[in-house]
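Indexing begins at 1, ligand by ligand and atom by atom, following the structure's order. Any value given below was found using the heavy atoms of this structure, including those in side chains, with hydrogens, waters and symmetry copies removed. FYI, the numbering just counts along the sequence from 1. From a predicted model like this one, the values you see are computed outputs, not experimental measurements.
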Amino acid sequence: MNTKIKNNNFIYQIINEDFNKNKDLSFYTRFPPEPNGYLHIGHAKSICLNFELANIYKGRCNLRFDDTNPMKENIKYINSIKYDIHWLGYKWYGNIRYSSEYFLKLYQYAQELIEKGLAYVDQLTKEQIREYRGTLNTPGKNSPYRNRTIEENRQLFNKMKKGEFSEGEACLRAKIDMKSSFMVMRDPVLYRIIFTEHHQTQKKWCIYPMYDFAHCLSDSIEGITHSLCTLEFQDNKRLYNWILKNTSVKHYPKQYEFSRLNLEFSILSKRKIKILIDKNIIKEWNDPRIPTLSGLRRKGYTPSSIKLFCQKIGVTKQNNLIELSMLEHCIRKELNQTAIRTMAVLEPIKVFLYNLDQNHEEKFIVPNHPNNPAMGTHKIIFTNTLYIERSDFKEKYDKKYKRLKIGEKIRLRYSYIIKAEKIEKDQYNNIINIICFCYLNTLGKKPKNKKNPPVIHWISEKNTFPAEFRLYNPLFNIKNPEQQKNFLFHINSESLIIKYGFIEKKIAQKIQKNNDIESFFQFERIGYFCLDNIDSKKDHLVFNRTVNLRDTWNLKKIGTKNITNN
Ligand code: ATP
Ligand code: MG
């Protein structure tokens, strides 16, 4: 291929140079998830990078499950990972690959290292291995089993494979250098014994290759040219290359590292997300409060918004914390174009228009989008009893309060100007009814010689359909929970606030009729919402707040109420 593709990210520069050296290079990447959890936004960064590069350079990208630890893996995770990659809109090349497909080949490569005197069966305990390894400041010590003969190692490794050792009793280690300044080169473990049944190979194996051994060899077997991984594998590259150099592989992939994505107010480690689930802090992997792809999808994020985000953050070698507002900006920008505008009242309070007849009923046709007539219209009903947001009326207020108050006027969106005159309270002193006068000559007209009053949203009692609203705030009340010793100390107690209110009947009918699984709405003045496909039933609609109308996390303290946004 002879294309010079321009992009300022360093990986493109590397690939362009590779193509300059070899115009016929067949470009090949892979995405290698470990099926021990669901994918998150950090994985999306890696997916976008690997698959987009393959598209741009007319190469291929494999999906390979890095399934070398049956104790933590599970078919449920495999299925969710496949689903999420498809959902993002990417297609892997050919069949799905599994590292476990190569177990026999990997075993043979290990035998080859033994034959070359480059691997030995060690029988130190796990703790002893750790102790003998030394530290960054002190060199390691050789294991007393390090100088076993090739014949001895050959037999013992075979014994390991046959299940004649128990777990932890023996392992295979590379014979490199216990004094190396790189810890990974101090005789790393290559194989260990695990008696757990494997989801792909069942009971066939009881020895499993370690990540470092399986990864480079799987890359080589698949003909991967550019093996892209995150920065923490920088040192492991030495081992990656050592293994390739000392086995009879025919193909030498090259590893390149980029920085991991870290996102404000979020945890992006599968192990820690699992702790949140196990401790019942969140419900499941698809809880909208965590940035797993299934959680983001449920919250109302679209594939295009996630891809835009990955494009915006770029690919570098600097570790940094990405602002949450950047992710939110990407979905807000899209929903601003695509979401249907409608009114919803999350915390209803009744308004009674006393000068209207009991049977007064008008229908207004309102646009589904103010700037896009192609999105159509829908009907709303106006009668003498309606609901407004509790926060849009105040009995006691300060000067700054610009909404409904006794003696003041307000315009009902798409409708008339009203003036609050009296309130009615229940026995507990709660306001239950605001009695108002309706100015019937103000429909679509500015009041003469006066400023237009503020506008609020409303729903006529006759037009209501009950709904549950789930308002999400960040799960953590600090920006970088991942760096805390105990991230569980920093949970935001207001990460989920539930409200029971109303949506417009016509919208509910549309959802029920179409069985709409992808319904995105802007509830006017409140925020962008989507239907929760999991908990919604025909007669009980649940809406998740995707994002506020404006960026607020940098302005307000997390943990303070952030319900309506005006
Ligand atoms: P976690 O820490 O979430 O458990 P992991 O690195 O163990 O992640 P894998 O399933 O091994 O998860 O990751 C598959 C691929 O996704 C790897 O190439 C890994 O480098 C990449 N990846 C994982 N997390 C991130 C992240 N936060 N940013 C960018 N890439 C990531
Ligand atoms: Mg991993």
Evaluate [X] for polar contact with ligand 1, using N/O atom pairs at a separation under 3.5 Å.
| X | value |
| --- | --- |
| Gly42 | yes |
| Glu232 | no |
| Ser259 | no |
| His40 | yes |
| Leu261 | yes |

**OP:** With Arg298 as reference, evaluate Asn533, Asp532, Asn544, Thr292 under the side chain to side chain donor-acceptor pair (under 3.5 Å) test and give the passing residue.
**Re:**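 Among Asn533, Asp532, Asn544, Thr292, the one that satisfies the side chain to side chain donor-acceptor pair (under 3.5 Å) with Arg298 is Asp532.
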
**OP:** Determine the sole option in Arg64, Lys254, His226 for which the side chain to side chain donor-acceptor pair (under 3.5 Å) test with Asp219 is passed.
**Re:**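 Considering Arg64, Lys254, His226, a side chain to side chain donor-acceptor pair (under 3.5 Å) with Asp219 is found only for Arg64.
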
Original post:
Are side-chain heavy atoms of Asp187 and Tyr120 found at a separation under 4.5 Å?
Top reply: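 The answer is yes, as the side chains (C-beta and beyond) meet within the 4.5 Å cut-off.
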
Subject >> Minimum non-hydrogen distance to atom 12 (O) of ligand 1, winning option of Lys270, Glu482, Arg271, Glu34 >> reply: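 Among Lys270, Glu482, Arg271, Glu34, the closest heavy atom to atom 12 (O) of ligand 1 belongs to Lys270.
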
Subject >> Region of Phe233 that comes within reach of ligand 1 [heavy atoms, distance under 4.0 Å] >> reply: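 The answer is neither; Phe233 stays 4.0 Å or more away.
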
**OP:** Taking only heavy atoms of Ser269 into account, list the atoms of ligand 1 that are under 4.0 Å away from them.
**Re:**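 Counting atoms of ligand 1 from 1, those under 4.0 Å from Ser269 are 2 (O), 3 (O).
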
Original post:
Parallel, tilted or perpendicular: which fits the ring planes of Phe27 and Tyr57, with parallel below 30° and perpendicular above 60°?
Top reply: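 Ring orientation, 0 to 90° scale: tilted.
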
**OP:** Decide, yes or no, whether a salt bridge links Lys21 with Glu17 under the criterion of side-chain N to carboxylate O below 4.0 Å.
**Re:**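 So Lys21 does not pair with Glu17 through a salt bridge.
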
Original post:
Going by an N to O cut-off under 4.0 Å, is there a salt bridge joining Lys72 and Glu34?
Top reply: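 Salt bridge between Lys72 and Glu34, a charged N being under 4.0 Å from a carboxylate O: no.
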
